[in-house]
Asks: 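Dumping the structure here so I can ask a few things about it.
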There are 2 protein chains.
Amino acid sequence: MLKSKASPVSLEQRNTTRIRVLEHIRAKGSVSRIDIASALQTSPATVTAATADLISAGLVKETESQAQSKSGKRGRPRVLLQLDGQMHLVAGLKVARQVISVILVDFEGNEVASHKYALDQARMSPQKFVSAIREALEETCSQIDRSVAHLAGVSIGVAGLVDANRNFVHWSSSITERNIDFSHLLSNKLPCPAFVDNDANLVAKAEQLFGLGKGLENFLVVTIEHGVGLGIVLDGKLYRGERGCGAEFGHTKVQLDGALCQCGQRGCLEAYVGDYALLREMTVTGHTNDMESVSEIHDRANSGDDRASSVLARAGQMFGLGISNLINLFDPECIIVSGAQMSFEHLCSSEVMTRIRNGVVNVDAPLPQIKVHHWGDMMWAKGAAAYGIEQVSILKVKELTSNAP
Amino acid sequence: MLKSKASPVSLEQRNTTRIRVLEHIRAKGSVSRIDIASALQTSPATVTAATADLISAGLVKETESQAQSKSGKRGRPRVLLQLDGQMHLVAGLKVARQVISVILVDFEGNEVASHKYALDQARMSPQKFVSAIREALEETCSQIDRSVAHLAGVSIGVAGLVDANRNFVHWSSSITERNIDFSHLLSNKLPCPAFVDNDANLVAKAEQLFGLGKGLENFLVVTIEHGVGLGIVLDGKLYRGERGCGAEFGHTKVQLDGALCQCGQRGCLEAYVGDYALLREMTVTGHTNDMESVSEIHDRANSGDDRASSVLARAGQMFGLGISNLINLFDPECIIVSGAQMSFEHLCSSEVMTRIRNGVVNVDAPLPQIKVHHWGDMMWAKGAAAYGIEQVSILKVKELTSNAP
DNA sequence: GTAAATATTTTACCGACTGAAATAAATATG
DNA sequence: CATATTTATTTCAGTCGGTAAAATATTTAC
């Protein structure tokens, strides 16, 4: 008879070690217990306990192959641990204007299936929004003969202002109503945990878990698409701002009373760097007709059109200025420039890098690295999946202790 | 006979509750145990234990006066707790070009004595630097018939790049050598713990502990003096950047290839807002002669000089642009504009506020509050003292457990 | 085969925290 | 005025996460 007498320790600080161990294993790929202990500044005994729990939850497994010991070769060999990817399936969704992109991944982030679900309307009621997500998920799951109920978690990225901790959408370009709490809507309609977040934050999560930010504590992810987005990771955590509306890098002003932006204000970075800004500039050059994408501008520039080159160059200069401001303010370990489809070579040229270097306050330390990441068009959905994996990990670890004997 | 067998818990997470309780008491001024428990989401039993320790360490005391209970008046009355300010004396120093400002404060931050120690040279060797600090401290302490040995801690603010955790100064305008570890130098020369940090960070600490940021979790402190500084507090902690050289707000660029800045780059905010920038502008207007301070420009503007007004107005516009960028990126609870002596009304005018409002991306939520704080000329030294109090608090709490029976 | 080296697990114990019960100190009520 | 009621704080016994040290496991060196 277990007497449930005293005291679960405060939820905030509970299980932090197990989650840290899990994240460390994910970041390293495969790693021995003794290395985890030294990396996390904890004792081997703690790592033994934590990994035992993670293994029993099916989140982690021991690998066959063995790593060589640090010094020499004598002594008991280290046993490598890695994620047990097969146990859980997670879906990531990105809701865009005309399409919902869905990706199914295993627990290591490997793609299992993907799908595009066409939307007939850009903006939907919350109910319609959730139904569309349900349908998109079902179609994707059927590809691999699974049902939605098999999913360990679903993560949804939308453009807009989201309080991710509460699944609360203040405003989104995909939804007709403001201030919607999706917690109940989603749990009613889906048989598994679901999470909503802002899309740029999700890409930052993807870079942190699987991408170029793996294992870093302080970095920025700049997303390039129609507009310019930003995700901020500080101390290993996504920084969301006090009201969840920070990181509006695209709307920081780079020119007093400058070019007109989609948002209605003047001088926004996006008004110089966004695709619509470039296309707008090109209309002035006389190619009024049918310029439809940034890669067309690149083509023209490459074939000797000086005006096209000049349009791209100015965008690059402004972008470089914006990036140097980010470095001056945040002093990050690294900045990751992530793009899905749009061509953005003009934002990574050596001229832009020079502009950045010349705009950063001079110190002994070298400039933070600027890494460019060309994702495919599933960038946003993969970002959502990354967040889903993280959230499911946390859920599973919590279950672990609440169910324990 | 005590057998020192197992296990101090990892230093990082040790005593966090006691420190949180102490900080909460400091933020509230006086508060009852039951309120602390609910504010910190912990149990009353924990608060009893924590406060008992803090009282025995002489950091906290019970007050005579009693607060009324929340609802009704029946029941055992709450006992208010407050800091016991008299037990410890802390010194804050700011090293400037020609002077070291020293302030002695009690543990509640009340000024006990202050002093200015003239420097004969703006840049010193590390040894000379430490000796000057020692002398400045001795002169100040003698005012109240104490010796330096009575101090519980000393905190030193310098302009430059500092790794505060290690008392390591990468570079400072006050010191002739780079990359100096002051830990040993200070502990050899001073009979009490000493801490070094960047001056703008210290002002942020002062606002957090005693000023307009009391109790806030996410806020920015913009300091106005010769240049423009920034301190960033996120999640209640000072954010210092990866290499300790972030928060260079004054050198974020507000104009592509704009005005020349002291730092050698072009278009820095400081090159439009710093005092030297305003004085430079005024030289062009024909008043070449003896314009020496910003308040003279204010005087001229107030007496109808349109050129002076225009110079101040442009600085305000650029400042507003910079502030709106900060809000767009950080989405803080509040921005505190702190100045010591320089006149900066032109940076808080209604035109500037309008510029800020129009530069922030529009959301439902109201604009973060912008608070203006006119300190006296001891702003920087008081900032240092605030940091000193915090550090000494942490030390005392740690002693508490290591000395415990 | 035995010693030395290294990784992991087991053991015994510490300390922070908790819920529940006990205690303290006030007011309300008759 | 005694007693019930209410609220704040403390005490108590127990849980949980963590640790150091010892024990155990598994390898190579000799």
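Order of the sequence lines fixes the chain letters, A, B, ..., with proteins taken first and strands second; residue numbering starts at 1 for each chain.
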Asks: So among Asp35(B), Val79(B), Leu80(B), Ile25(B), which one has a side chain to side chain contact (heavy atoms under 4.5 Å, CB included) with Ser30(B)?
Replies: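 So the option named by the test is Leu80(B).
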Asks: Do you know which two heavy atoms are closest between Val221(B) and Ala204(B), and how far apart they sit?
Replies: CG2-CA, 3.7 Å
Asks: Please pick, from dT18(C), dT27(D), dT8(C), the nucleotide with the shortest atom-to-atom distance to any side-chain atom of Pro77(A).
Replies: dT27(D)
Asks: How many whole angstroms separate atom CD1 of Ile34(A) from atom P of dT26(D)?
Replies: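 Atom CD1 in Ile34(A) sits about 16 Å away from atom P in dT26(D).
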Asks: Taking the side chain as C-beta and beyond, is there a heavy-atom pair between Val60(A) and Asp84(A) under 4.5 Å?
Replies: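 No; the side chains remain at least 4.5 Å from each other.
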Asks: Any side-chain donor-acceptor pair under 3.5 Å between Arg33(A) and Thr51(A)?
Replies: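 Per modelled atom types, Arg33(A) and Thr51(A) side chains form a pair under 3.5 Å.
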Asks: Nearest whole Å is fine: how far is dA16(C) P from Lys398(B) NZ?
Replies: 14 Å
Asks: Output yes when at least one side-chain N/O atom of Ser43(A) is less than 4.0 Å from OP1 or OP2 of dA20(D), else no.
Replies: no
Asks: Write down the distance between CG (Leu54(B)) and P (dA16(C)), rounded to a whole number of angstrom.
Replies: 12 Å
Asks: Answer yes if the ring centres of Phe330(A) and Tyr239(A) are under 6.0 angstrom apart, and no otherwise.
Replies: no
Asks: Expressed in angstrom and rounded to an integer, what is the separation of Arg20(B) atom CZ from dA16(C) atom P?
Replies: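 Interatomic distance, CZ of Arg20(B) to P of dA16(C): 15 Å.
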Asks: To the nearest Å, how far apart are Leu80(B) CG and dT7(D) C1'?
Replies: 15 Å
Asks: Would you say Thr42(B) places a side-chain N or O within less than 4.0 Å of OP1 or OP2 belonging to dT18(C)?
Replies: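 Indeed, a polar side-chain atom of Thr42(B) lies that close.
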Asks: Within less than 4.0 Å of OP1 or OP2 of dA25(C), is there a side-chain N or O belonging to Arg78(B)?
Replies: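 No, no such contact exists.
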Asks: So does Arg26(B) pair up with Glu23(B), basic N to acidic O under 4.0 Å?
Replies: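 Between Glu23(B) and Arg26(B) there is a salt bridge, with a charged N closer than 4.0 Å to a carboxylate O.
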Asks: Produce the list of close N/O pairs, under 3.5 Å, pairing protein atoms with atoms of nucleotides 28-30 of chain C; give distances to one decimal.
Replies:
{"unit_1": "dA28(C)", "atom_1": "O4'", "unit_2": "Arg74(B)", "atom_2": "NH1", "d": "2.9"}

Asks: Report the distance from atom CD1 of Ile36(A) to atom C1' of dA7(C), rounded to the nearest whole Å.
Replies: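 Distance check: Ile36(A) CD1 to dA7(C) C1' gives 13 Å.
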Asks: Any side-chain to backbone donor/acceptor pair from Asn201(A) onto Leu238(A)? Under 3.5 Å, distance only.
Replies: no
Asks: Pick out the pairs of N or O atoms, protein on one side and nucleotides 9-11 of chain C on the other, that lie under 3.5 Å.
Replies:
{"unit_1": "dT9(C)", "atom_1": "OP2", "unit_2": "Arg33(A)", "atom_2": "NE", "d": "3.1"}
{"unit_1": "dT9(C)", "atom_1": "OP2", "unit_2": "Thr48(A)", "atom_2": "OG1", "d": "2.8"}

Asks: Inspect the contact between Asp235(A) and Lys237(B) and indicate whether a charged nitrogen and a carboxylate oxygen are less than 4.0 angstrom apart.
Replies: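 Judged by the 4.0 Å cut-off on N to carboxylate O distance, Lys237(B) and Asp235(A) do form a salt bridge.
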Asks: Grab the CG-P distance between Asp53(A) and dG17(D) for me, whole Å please.
Replies: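 So the CG-P distance, Asp53(A) to dG17(D), works out to 8 Å.
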Asks: Between dG17(D) atom C1' and Gln41(A) atom CD, what is the distance in whole Å?
Replies: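 One finds 18 Å between C1' of dG17(D) and CD of Gln41(A), rounded.
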Asks: Please determine if Arg240(A) and Asp197(A) form a salt bridge, counting it only when a charged side-chain N lies under 4.0 Å from a carboxylate O.
Replies: yes
